[in-house]
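In what follows, every chain begins at residue 1, and chains take the letters A, B, ... in the order their sequences are listed.
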Amino acid sequence: MAPAGPRSGDAIFASVERVNAELFTLTYGAIVRQLLTDLEEVDEVNKQLDQMGYNIGIRLVDEFLAKSNVSRCVDFKETAEVIAKVGFKMFLGVGASVTNWDAEGTCCSIVLEDNPLVDFVELPDTCQGLYYCNVLSGVIRGALEMVSVPSCASLSLVFSSSS
Amino acid sequence: MQFFGGSDISPSPPAPTAPGNNAHMIYVFNRNGVCLLYKEWNRPLHTLNAQQDHKLMFGLLFSLKSLTAKMDPTSAEKGNLGVPQLPGQGCSFHSFRTNTYKLSFMETPSGIKIILVTHPKTGDLRDSLKYIYNLYVEYVVKNPLYTPGAPVR
């Protein structure tokens, strides 16, 4: 029997267990708030969020591979496409698009249409420079490392948010 | 494959071809060669101690993968024999059969290898291996108390 092809992000998202979106957003906000209180330095918080994301990413990649059935991507462009189209759809339920490829094809931007993490969030002036969604870049870094795509640790965030 | 619908997530394992327990042994390795899980149900002959057995199995699979990729008639030349291949790249073997047993193998891009040794008359076990991988994800990866790279008890 021929192996099944890769499944679409929508189909998988519809079939996994989901949590309430507001619960997720508010929990994440509480985490960031607590980190800011504990660590006080914006850079420390960024690093901690990245580390948390990394720990999530190294486990997430197995679930992603098991549910989505994608085969190994041929090059980085395909990898970025798969992350944006299937990965984000499957776990966050939002679509993302890949833009801003540099000349060598080594660097790109993934733009989320509608970031669920930043609903209801306003950054005060004391926290400029905080990468609020740094956990997402940590997740991607961890996941890519487990499939042997060496990626640079400082993925800078170009997530467009509604706020 | 949209028409399979939601039930395709955890497909029920295919029915065994013979009555009774079909499998002899199962191994699960991670990308560094650490044996995460080893279970045996029917192994009359033990020739090596556990450590050597795991190392032998891992080495066997590593060499077989290199060999099958190198001998692939359909792909372009991809480096010399012995150069480690990324998991999933090139062609990958999925089973071999002897007169006494059949060994089925599945490797994920993240380096998790699942090996099942069964009765030689067993059919294609790739779906069962995928099902086992789903179980691994569900219960091992999602367990907050599990550290990646540690053996599963």
Side-chain angles (χ1 to χ4, degrees), chain A residues 1-19 27 51-76 78-80 82-83 86-87 89-91 138-151, chain B residues 1-11 14 28 30-32 36 65 69 75-76 78 84-92 94 106-114 123-150 152:
Chain A
M1 172 155 63
R7 311 179 58 224
S8 82
D10 285 315
I12 308 170
F13 184 67
S15 56
V16 297
E17 263 178 32
R18 279 162 283 177
V19 294
T27 309
Q51 188 57 34
M52 283 164 56
Y54 179 78
N55 290 337
I56 295 174
I58 58 181
R59 294 155 201 263
L60 199 82
V61 67
D62 273 320
E63 186 181 350
F64 174 71
L65 290 170
K67 296 236 165 78
S68 70
N69 231 357
V70 297
S71 56
R72 188 167 188 88
C73 297
V74 172
D75 60 4
F76 187 59
E78 195 184 334
T79 312
V82 165
I83 292 175
V86 184
K89 196 82 185 109
M90 185 169 139
F91 288 109
V139 168
I140 295 178
R141 181 171 71 94
L144 287 179
E145 193 170 305
M146 292 304 275
V147 290
S148 320
V149 174
S151 57
Chain B
M1 295 286 175
Q2 296 282 37
F3 59 89
F4 277 111
S7 61
D8 209 6
I9 303 300
S10 290
V28 177
N30 78 352
R31 59 209 297 244
N32 298 325
L36 302 176
K65 265 194 314 157
S75 78
K78 268 191 162 50
Q85 291 251 323
L86 295 176
Q89 213 179 38
C91 80
S92 52
H94 49 85
M106 182 181 95
E107 181 168 26
T108 70
S110 59
I112 303 291
K113 308 181 215 315
I114 304 182
D124 190 5
L125 279 180
R126 271 180 283 183
D127 285 334
S128 301
L129 289 171
K130 260 205 210 44
Y131 178 71
I132 295 173
Y133 183 51
N134 275 326
L135 284 178
Y136 166 79
V137 160
E138 221 34 59
Y139 294 106
V140 174
V141 169
K142 286 188 176 172
N143 185 347
L145 300 174
Y146 171 72
T147 42
V152 171

| Which heavy atom of A:V61 sits nearest a heavy atom of B:S110, and at what distance? | CG1-CB, 4.4 Å
| query | What distance separates A:M146 CE from B:I112 CD1, expressed to the nearest 0.5 Å? | reply | 6.5 Å
| Under 3.5 Å: donor-acceptor pair, side chain of B:Y133, backbone of A:D62 | yes
| How long is the gap from CG on B:N134 to CD on A:E63, to the nearest 0.5 Å? | 9.5 Å
| field | Side chain / backbone / both / neither for A:I58 at chain B, heavy atoms under 4.5 Å | value | side chain
